[in-house]
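Notes follow once the structure below has been shown.
Remember, it's a predicted structure, so these values are computed and weren't measured experimentally. Starting from 1, each residue takes its place in the sequence as its number.
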Amino acid sequence: MPVLVITGTGTEIGKTVTTAAIAAAALAGGRSVAVLKPAQTGVRADEPGDAAEVARLAGAVTQAELARYPDPLAPATAARRAGRPAVRPADVAEAAGKLAAEHDLVLVEGAGGLLVRFDEEGTTLADAARLLDAPVLVVVQAGLGTLNTTALTAEALRARGLHCPGIVIGSWPTAPGLADRCNVAELPGEAGAPLLGAVPQGAAALPPAGFRAAAPGWLAPELDGTWSAERFAAAHG
């Protein structure tokens, strides 16, 4: 898959660290990687954004960002408040296509969830994925509430004819509770797609070298890793 779109069931659930883990695993496998953040919100011009965080953790990736808005809001709202042009799905598809011509893998990380608006017309990351004909990986939470949001996101993808190759738990707790452990078995059914990894809580705080060494162990072979859903379920389910 030369282009992989990465979305989540909400915000602050581990999309960026998951993107970094996928990038690190691909780099370890000898692949060239680019990371595209279509709309970066909540970050000033002089601050590092999500693409820079991926590069810090994963290593030598090409970083690309189409627009940056200072307010920590949905892209459409943040663009309007900043008086700046909104990102369009066609812009995302064009940029990702150019990166794909020069890299083995392009990771397109969305903002918030799948249907967060890019512009006043209501276009979303799903529209960009459809233009790219790209699969959409969904980053999910581990605990209470995740089954509902995962099912809703999966339903939205199916309604738009988009393929979800799998889901990844973006922050697996160091001390998982009953809901976390039960959800390991339930999440694939709600998503209609396999569980392809679990990134441990606090992974972003690891030294970059440690993050890169550990990342393949958090991801399934489909994402260039060595992680096994069966072993994980046996240990935590």
Side-chain angles (χ1 to χ4, degrees), residues 1 3-22 25 37-38 50 74-75 107-118 122-130 132 134-204 215 218-225 227-237:
M1 59 183 93
V3 179
L4 178 64
V5 175
I6 300 175
T7 191
T9 55
T11 191
E12 300 298 326
I13 59 169
K15 285 192 304 297
T16 300
V17 70
T18 298
T19 301
I22 295 169
K37 184 75 175 183
D50 291 343
L107 303 174
V108 181
E109 184 193 343
L114 177 68
L115 300 185
V116 170
R117 292 186 172 200
F118 276 164
T123 65
T124 68
L125 185 67
D127 296 300
R130 187 163 48 195
L132 286 162
V136 182
L137 184 80
V138 181
V139 181
V140 305
Q141 293 174 299
L144 284 174
T146 193
L147 299 182
N148 179 61
T149 54
T150 298
L152 289 170
T153 301
E155 183 175 308
L157 287 168
R158 287 192 297 270
R160 289 160 176 78
L162 296 171
H163 171 58
C164 174
I167 58 175
V168 173
I169 296 172
S171 181
W172 180 254
T174 53
L178 178 61
D180 305 303
R181 291 183 278 110
C182 288
N183 287 341
V184 171
E186 300 292 341
L187 277 166
E190 297 294 344
L195 184 59
L196 296 182
V199 179
Q201 182 181 13
W218 305 331
L219 302 169
E222 293 91 332
L223 296 174
D224 296 306
W227 181 89
S228 164
E230 291 75 17
R231 290 197 303 267
F232 189 81
H236 300 288

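- A distance of 14.0 Å separates CG in Asn183 from NE2 in His236, rounded to the nearest 0.5 Å.
- Looking only at side-chain heavy atoms (C-beta outward), Asp50 and Thr19 stay at 4.5 Å or farther from each other.
- Atom CG of residue Leu219 and atom OG of residue Ser228 lie 13.0 Å apart, to the nearest 0.5 angstrom.
- Counting all heavy atoms, side chain and backbone alike, Ser171 lies closest to Ala142 at O-CB, 4.2 Å.
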Between Thr16 and Glu109, is a side-chain hydrogen bond (donor to acceptor under 3.5 Å, both in side chains) present by the stated rule, with each step listed? CA-CA 7 Å; Thr16 300; Glu109 184 193 343; 2.6 Å; yes
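- The closest donor-acceptor contact from the side chain of Lys15 to the backbone of Ala111 lies at 3.5 Å or more, if one exists at all.
- Put simply, the side chain of Leu187 reaches to within 4.5 Å of the side chain of Ile169, judged on heavy atoms.
- One distance of note links OG1 of Thr153 with CG of Leu162; it measures 12.0 Å at 0.5 Å rounding.
- With Thr11 contributing its side chain and Gly112 its backbone, the two residues share no donor-acceptor pair below 3.5 Å.
- Between the NE2 atom of His163 and the CZ atom of Arg158 there is a distance of 12.5 Å, given to the nearest 0.5 Å.
- For Asp180, there are no salt bridge (charged side-chain N to carboxylate O under 4.0 Å, His left out) partners two or more places apart in sequence or in a different chain.
- Here the straight-line distance linking atom CD of Glu155 with atom CD of Glu190 works out to 11.0 Å at 0.5 Å rounding.
- In this structure, Leu125 and Val5 have side chains that are in contact, with non-hydrogen atoms separated by less than 4.5 Å.
- You'll find the side chain of Leu223 reaches within 4.5 Å of the side chain of Leu4, heavy atoms only.
- Ring geometry, Trp172 versus Phe232: the interplanar angle exceeds 60°, so the pair is classed perpendicular (tilted spans 30 to 60°).
- Side chain of Gln201 to main chain of Thr174: a donor-acceptor pair is present (N/O by atom type, distance under 3.5 Å, no hydrogens or angles).
- Arg117 meets the salt bridge (charged side-chain N to carboxylate O under 4.0 Å, His left out) test with no other residue; sequence neighbours excluded.
- Contact of the Val140 side chain with the Thr149 side chain is not registered, since no non-hydrogen atoms from C-beta on lie closer than 4.5 Å.
- In this structure a side-chain-to-backbone donor-acceptor pair under 3.5 Å is present from Arg160 to Ala156.
- You'll find the side chain of Ile22 stays beyond 4.5 Å of the side chain of Asp224, heavy atoms only.
- Between the Asp127 side chain and the Thr124 main chain, a donor and an acceptor come within less than 3.5 Å of each other.
- Between Leu157 and Val138 there is a side-chain heavy-atom pair separated by less than 4.5 Å.
- Atom CG in Leu107 sits 11.0 Å away from atom OG1 in Thr18 (nearest 0.5 Å).
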Val3 and Val108: side-chain contact (heavy atoms from CB on, under 4.5 Å), yes or no, with the steps? CA-CA 7 Å; Val3 179; Val108 181; 4.0 Å; yes
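- Between Gly170 and Val17 the shortest heavy-atom distance is O-CG1, 3.8 Å.
- The side-chain heavy atoms of Val199 and Val168, taken from C-beta on, include a pair separated by under 4.5 Å.
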